[in-house]
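The structure appears right after this line, and notes come after that.
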Number of protein chains: 4
Amino acid sequence: MKRQQILDAAYTVFSHKGYHRATVDEIIAMADTGKGTVYNYFASKEQLFYTLVKERSAKFETELNRLAGLDEVPLIKIKKVIKVFLEFYVANADLWRVLMHEMRGLGHEESTNFTAAQREKYRERFVHTIGVLETILQAGIEQGAIRPCDVHKAAHGLFSVIVMMVFQGFVDAQADSIEANANNIADIFLYGVVAR
Amino acid sequence: MKRQQILDAAYTVFSHKGYHRATVDEIIAMADTGKGTVYNYFASKEQLFYTLVKERSAKFETELNRLAGLDEVPLIKIKKVIKVFLEFYVANADLWRVLMHEMRGLGHEESTNFTAAQREKYRERFVHTIGVLETILQAGIEQGAIRPCDVHKAAHGLFSVIVMMVFQGFVDAQADSIEANANNIADIFLYGVVAR
Amino acid sequence: MKRQQILDAAYTVFSHKGYHRATVDEIIAMADTGKGTVYNYFASKEQLFYTLVKERSAKFETELNRLAGLDEVPLIKIKKVIKVFLEFYVANADLWRVLMHEMRGLGHEESTNFTAAQREKYRERFVHTIGVLETILQAGIEQGAIRPCDVHKAAHGLFSVIVMMVFQGFVDAQADSIEANANNIADIFLYGVVAR
Amino acid sequence: MKRQQILDAAYTVFSHKGYHRATVDEIIAMADTGKGTVYNYFASKEQLFYTLVKERSAKFETELNRLAGLDEVPLIKIKKVIKVFLEFYVANADLWRVLMHEMRGLGHEESTNFTAAQREKYRERFVHTIGVLETILQAGIEQGAIRPCDVHKAAHGLFSVIVMMVFQGFVDAQADSIEANANNIADIFLYGVVAR
DNA sequence: CATGAATGAGGATTCATTCAT
DNA sequence: AATGAATGAATCCTCATTCAT
């Protein structure tokens, strides 16, 4: 119970302050618990953050995998997957913004507070997530629905647009807002902006 | 002269360490100067960072404005502007990654180390930069080259893709890499991925 | 039973880590018991340590007293008592090293973690132990076997040599190693190093 | 100046409290300085302690080396060297008590707060110091003044007696107390306690 | 201008002890 | 009797900033 209180408080504080500026003191104040309690459940501030990310993304990853496995027309599948992404990132925008920053050190060892091992775990999650997009695009190409292109880059591009829409606050948590924006993104991604 | 040494050192350190983990001590060591000297030229660490960003982006903004003012076919203009963006972000990837993180709190007051006033200045730069994209798209729509869409969102989407390509290391500093990637991004943005 | 498990574990942990660095967590892990259980049997970490010392030294003190009471030629008695000391300290070297450190503040109130009352108890044990050596030396002087000297200092000197030999690892637990070293120490203590 | 104030305060606090219980806060309070200042001069609490030991022992080691090099009758030399030892340890008793404790982990890695590298430096000092005693004894044996014995053990024994006398408070800082005790120790070490 | 010694607020982490079950 | 979740006081260390020279 205390554990969940701490995770909830940590979510709020990390989301608002970022990793560095979040203090354990503030987390415990919000969780209404003692400082030692945090360290009973989590080995360190870093570990607490990692656990938070892992627990928050578990359902999303399951849903994503389920969707990827469906037998579905590629263009439909793309729309659906965009929607799933939007739903997840809208619900977790603030925390993922923080995570993505701490992950940025994909080349410089020294650029985050995280250990190399920890960062690698995060990276694998991202690689897998974007990998699902790649797989769907690749299937689309093979079925002739998508024209041949660099799926790796295209998947990253699509991913970045989704995330940006959320981070910029263009999408709110309403179901129809998500639906509309998913269609919007899919529309341009699939057909481009050129008039015909 | 000292001033420039400090800015150069600050660029390196901020780029590698991020804002938080960059220390004034490290900057002065690299700049081969005294700690007090930094505070003679810059009111604070934050101010130093801001100055750095401003000076680095000055030429880019000039170039961007020049380009926006040209009388040019919209589709060509879009390609050109993508290239200018790529050139700038490739050259400044590390520092802008840091900047964008510190900017992330576009809603939460407490989310960065920066003062509200400072953040507002940064935000205005971004708004203006993306605004150029919007203007170009809008002109394209009015000329019938681009189909009607939410230019605000579309501009943000395009911007996010450009930045993502750079941050993910898909684009290197070679002129032809930039050219190729610019064409690639433009191609999908303009025509979509659907086979025809 | 739990009580003994705790004492055994405490012995190992205190011996290896010293008083300060030994943690109750480590002790209970090794004792395979719960944290509360420790506090059922021992009022505090300090009390646990004290009990440990008391129980480990009980047999030694009995043996020492028995030996002191024997009717024996002084020089022989000295050799025997040295051997008994060596046997005890070899078997308990690590823990006594720790004890002696925590006792070091024989003048400064603030120098250990122990309460003044607790320290006084330890001190009495040492005083008594060394007192046995003094008594034996004094008897030797009275019988003319030992030349008059400050028995208090001499006893401390002899004690320090014995302890040092053990702490420096010059003596191992083998019976003959103990025998040989006891003879060695006795030889120099009794006859000096000068050639004749 | 601040540096010396800090060292002086550190000496007092370490001496009274031991390494572990000495707090940086207490040191700065006594040194009348800020916390950061300590860390400008010394990388860590451990480094501060090490520096303290090094500076305090420098003169002693020089004097010891000088004495060892003198061309002198062995028995006289032994008396002189005992006196030099007493002088040094009387002046630094409290700090060396602490040092010797932190050094105790000559077998167990985990037993002190000090890093292995740091401990090795301390150990070398001790080895060298006792080595001087060994050299002097060895010379005495070769000149026939001392009877053959294990000089390594004998040197350690002599060392331990000297240290014990000081730590037990048998020797005070008065020149004649030192002189008297040096003679006393030398007398028993050289000629033993047996009556003749 | 240039310097760097001095500062202290702030923050992560440890661990002995308590107490309800 | 046995347990272990909860606690918070205590402590080391960092680093932006100031100011006298």
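First the proteins, then the strands, lettered A, B, ... as listed; each starts at 1. Atom set for the values below is all heavy atoms of this structure, side chains included, hydrogens, waters and symmetry mates excluded.
- Listed by chain and residue number, nothing satisfies the ring pair (Phe, Tyr, Trp, His ring centres under 6.0 Å) test with B/Tyr11 (two or more places apart in sequence, or in another chain).
- The existence of a salt bridge linking D/Arg119 and D/Glu46 is excluded, since no basic side-chain nitrogen approaches an acidic carboxylate oxygen closer than 4.0 Å.
- Nucleotides of DNA chain F nearest to C/Val38 and A/Thr33 differ in position, and the one nearer the 5' end is that of C/Val38.
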task: Go through the steps to decide whether B/Val163 and B/Trp96 satisfy the test side chain to side chain contact (heavy atoms under 4.5 Å, CB included), and finish with yes or no.
output: CA-CA 9 Å; B/Val163 168; B/Trp96 255 253; over 6 Å; no

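- Of all heavy-atom pairs between D/Leu7 and D/Leu52, the closest is O-CD1, 3.3 Å.
- A salt bridge is defined here as a Lys NZ or Arg NE, NH1 or NH2 lying under 4.0 Å from an Asp or Glu carboxylate O, and C/Lys121 with C/Glu124 fails to meet this definition.
- Comparing D/Gly34 and B/Tyr41 by the nucleotide of DNA chain E whose heavy atom lies nearest to each, the residue mapping closer to the 5' end is B/Tyr41.
- Rounded to a whole Å, the CG atom of D/Leu48 is 13 Å from the C1' atom of F/dC12.
- Atom CE in C/Met1 sits roughly 14 Å away from atom C1' in F/dT3 (whole-Å rounding).
- Rounded to an integer number of Å, the gap from B/Ile6 CD1 to E/dT3 C1' is 12 Å.
- A salt bridge does not link C/Arg56 to C/Glu61: none of the charged side-chain nitrogens sits closer than 4.0 Å to a carboxylate oxygen.
- D/Arg125 and D/Ser57 make their closest contact through NH1-OG, 3.6 Å (heavy atoms, listed as atom of the first residue, atom of the second, distance).
- A/Gln4 has its CD atom 17 Å from the C1' atom of F/dA5, to the nearest Å.
- Counting to the nearest Å, the C1' atom of E/dA6 and the CZ atom of D/Phe42 are 14 Å from each other.
- As rounded to whole Å, 14 Å separates atom C1' of E/dT7 from atom CD of D/Gln5.
- Straight-line distance from the NZ atom of A/Lys2 to the C1' atom of E/dA20: 14 Å, rounded to whole Å.
- Here the straight-line distance linking atom CG of B/Leu48 with atom CD1 of B/Ile27 works out to 5.5 Å at 0.5 Å rounding.
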- prompt: Going 5' to 3' along nucleotides 12-18 of chain E, which nucleotides have protein heavy atoms under 4.0 Å from the base (write B), which only from the sugar-phosphate (write S), and which from neither (write -)?
  reply: SBBBSBB

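- In this structure, A/His16 and A/Arg21 have side chains that are not in contact, with every pair of non-hydrogen atoms separated by 4.5 Å or more.
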message: Show me the dot-bracket string of DNA chain E, counting Watson-Crick or G-U pairs under 3.5 Å, with | for pairs to another strand and [ ] for crossing ones.
response: .||||||||||||||||||||

